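Here is the structure we will look at, set down as structure tokens.
Within every chain, numbering begins at 1; the chains are lettered A, B, ... in the order of the sequence lines, protein sequences first and strands thereafter. Just so you know, these numbers come straight off a predicted model, no measurement behind them.
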There are 2 protein chains.
Amino acid sequence: MEDQEIRKAGLKVTAPRLKILELLEKCGERHVSAEEVYRLLLADGEEIGLATVYRVLTQFEAAGLVERHKFEDGYSVFELNRGEHHDHIVCVTCGKVEEFLDETIEQRQREIAAERGYEIGDHSLIIYGRCRDSECPNRSKK
Amino acid sequence: MEDQEIRKAGLKVTAPRLKILELLEKCGERHVSAEEVYRLLLADGEEIGLATVYRVLTQFEAAGLVERHKFEDGYSVFELNRGEHHDHIVCVTCGKVEEFLDETIEQRQREIAAERGYEIGDHSLIIYGRCRDSECPNRSKK
DNA sequence: CAGGAAATGAGAAGCTTTCGCATGCGCTGG
DNA sequence: CCAGCGCATGCGAAAGCTTCTCATTTCCTG
Ligand SMILES: [Mn+2]
Ligand SMILES: [Mn+2]
Ligand SMILES: [Zn+2]
Ligand SMILES: [Zn+2]
């Protein structure tokens with residue numbers, strides 16, 4: 001199962017790597033920080049080091065298995081690469097993150113890059129706003 | 001001249017603040033880091049502390065005089081707020097930054113936020129790509 | 001199953017940014 | 001024009017996140 005994804009990435013199959021990958025799968029569309037991955041695994045009784053979490057997440061990112069985002073809080077959050085690109089809208093009050101994909105925007109971006117002679121790579125689009133959730137009015141993340 | 005902008009922000013007119021504002025004006029559309037502002041002022045013979053540069057830039061940002069961006073290099077860059085919003089396209093090879101504004105994209109963003117019940121604040125859109133400049137093939141920033 | 005390479009954990013260190021504090025300076029009102 | 005208060009400054013220390021170093025362990029091939 002996950003063994004193959006790790007091998008395909010040219011990495012040895014080890015307990016930390018398996019556990020991190022499983023955890024990210026369980027997280028679904030949630031965006032977790034390295035610190036959070038670390039604490040969740042510790043809480044699960046795993047023996048793992050924070051440095052390993054960072055290393056593995058970076059390797060997974062390089063292999064295209066996970067994506068890293070920076071939502072102007074100063075630290076990175078990660079999510080499994082589900083193969084379909086999306087952008088994010090973040091509530092600056094409660095920290096909630098929703099995903100969206102707008103083909104009009106995607107298309108305009110390609111055009112803008114082309115117009116200016118850029119070979120387009122990827123992009124980062126984050127909308128900041130305030131949601132209208134009952135449970136919103138305050139929370140902290142990480 | 002600049003005195004007024006600083007006073008309007010509710011800040012005392014001091015040498016560091018004047019120098020930083022002047023320097024940002026000279027920078028035009030260039031995006032400079034706090035460290036860079038600091039070094040440029042030192043090179044100009046100014047006596048200034050790095051902490052002051054950070055403090056002043058943060059105050060200017062709060063006052064709406066400057067904008068702060070994070071182009072995933074891990075540090076912030078600043079530019080004078082010229083009153084008209086724009087987004088950025090960054091060359092991942094040479095670090096060049098160009099600005100653009102696309103009303104179609106702006107409009108779609110407002111619609112997306114509205115559809116999901118968000119009171120929209122601002123947003124960050126950065127396109128990463130490779131430019132086709134002769135002088136491009138490698139440079140480092142900061 | 002042995003040997004060599006790759007991975008791990010723990011702590012140190014790196015980098016950007018902020019803080020704390022003693023000193024200095026801008027500004028108001030006298 | 002000046003005195004005095006309070007904001008601003010510079011410096012070094014420290015914070016917060018991330019990466020590095022290195023001794024030790026684990027994986028994997030043969
Ligand atoms: Mn996402
Ligand atoms: Mn700009
Ligand atoms: Zn909210
Ligand atoms: Zn370039």
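- Taking 4.0 angstrom as the limit, A/Thr14 places none of its side-chain polar atoms (N or O) nearer than this to OP1 or OP2 of C/dA7.
- Heavy atoms of other residues, nucleotides or ligands lying less than 6.0 angstrom from CD of A/Glu84 number 12 at most.
- When the C1' atom of C/dG9 is taken as reference, atom OH of A/Tyr38 falls 9 Å away, rounded to whole Å.
- A sub-4.0 Å separation between OP1 or OP2 of C/dT17 and a side-chain N or O of B/Ser76 is present.
- Of the listed nucleotides (D/dT9, C/dG9, C/dC27), C/dC27 has the atom at the smallest distance from the side chain of B/Lys12.
- For the OP1/OP2 pair of D/dT19 and a distance below 4.0 Å, the side-chain nitrogens and oxygens of A/Arg55 include no atom meeting the criterion.
- Counting non-hydrogen atoms of neighbouring residues, nucleotides and ligands closer than 6.0 angstrom, the CD atom of A/Glu47 reaches no more than 12 such neighbours.
- The distance from atom CZ of A/Arg68 to atom P of D/dT18 is 7 Å, rounded to the nearest whole Å.
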Going through the checks in order, is the side chain to side chain donor-acceptor pair (under 3.5 Å) test met by A/Gln107 and A/Glu103?
CA-CA 6 Å; A/Gln107 176 59 24; A/Glu103 195 44 52; over 6 Å; no
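- Between A/Tyr54 and D/dT19, a side-chain N or O to OP1/OP2 separation shorter than 4.0 Å is absent.
- Contact annotation: the side chain of B/Glu72 never approaches that of A/Arg68 to less than 4.5 Å [non-hydrogen atoms, C-beta and beyond].
- We find that CD of B/Glu35 is positioned 15 Å from C1' of C/dT18, with the value rounded to whole Å.
- The nearest whole Å value for the distance from the CD atom in B/Gln4 to the C1' atom in C/dC27 is 14 Å.
- The distance from atom CZ of A/Arg39 to atom C1' of D/dC17 is 14 Å, rounded to the nearest whole Å.
- Checking C/dA7, D/dT18, D/dT9 against every side-chain atom of A/Tyr75, the shortest atom distance belongs to D/dT18.
- When rounded to the nearest whole Å, the span between CD1 of B/Ile6 and P of C/dG26 equals 12 Å.
- With DNA chain C read from its 5' end, the first of the two nearest nucleotides for B/Ala51 and A/Ile48 is the one closest to A/Ile48.
- Between B/Leu57 atom CG and D/dT9 atom C1' the separation is 15 Å, expressed in whole Å.
- B/Leu50 has its CG atom 18 Å from the P atom of D/dA15, to the nearest Å.
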Evaluation steps, side chain to side chain donor-acceptor pair (under 3.5 Å), between A/Arg55 and A/Thr58
CA-CA 5 Å; A/Arg55 261 185 312 236; A/Thr58 301; over 6 Å; no
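- Looking at heavy-atom distances under 4.0 Å, B/Arg7 makes contact with sugar-phosphate atoms alone, never a base.
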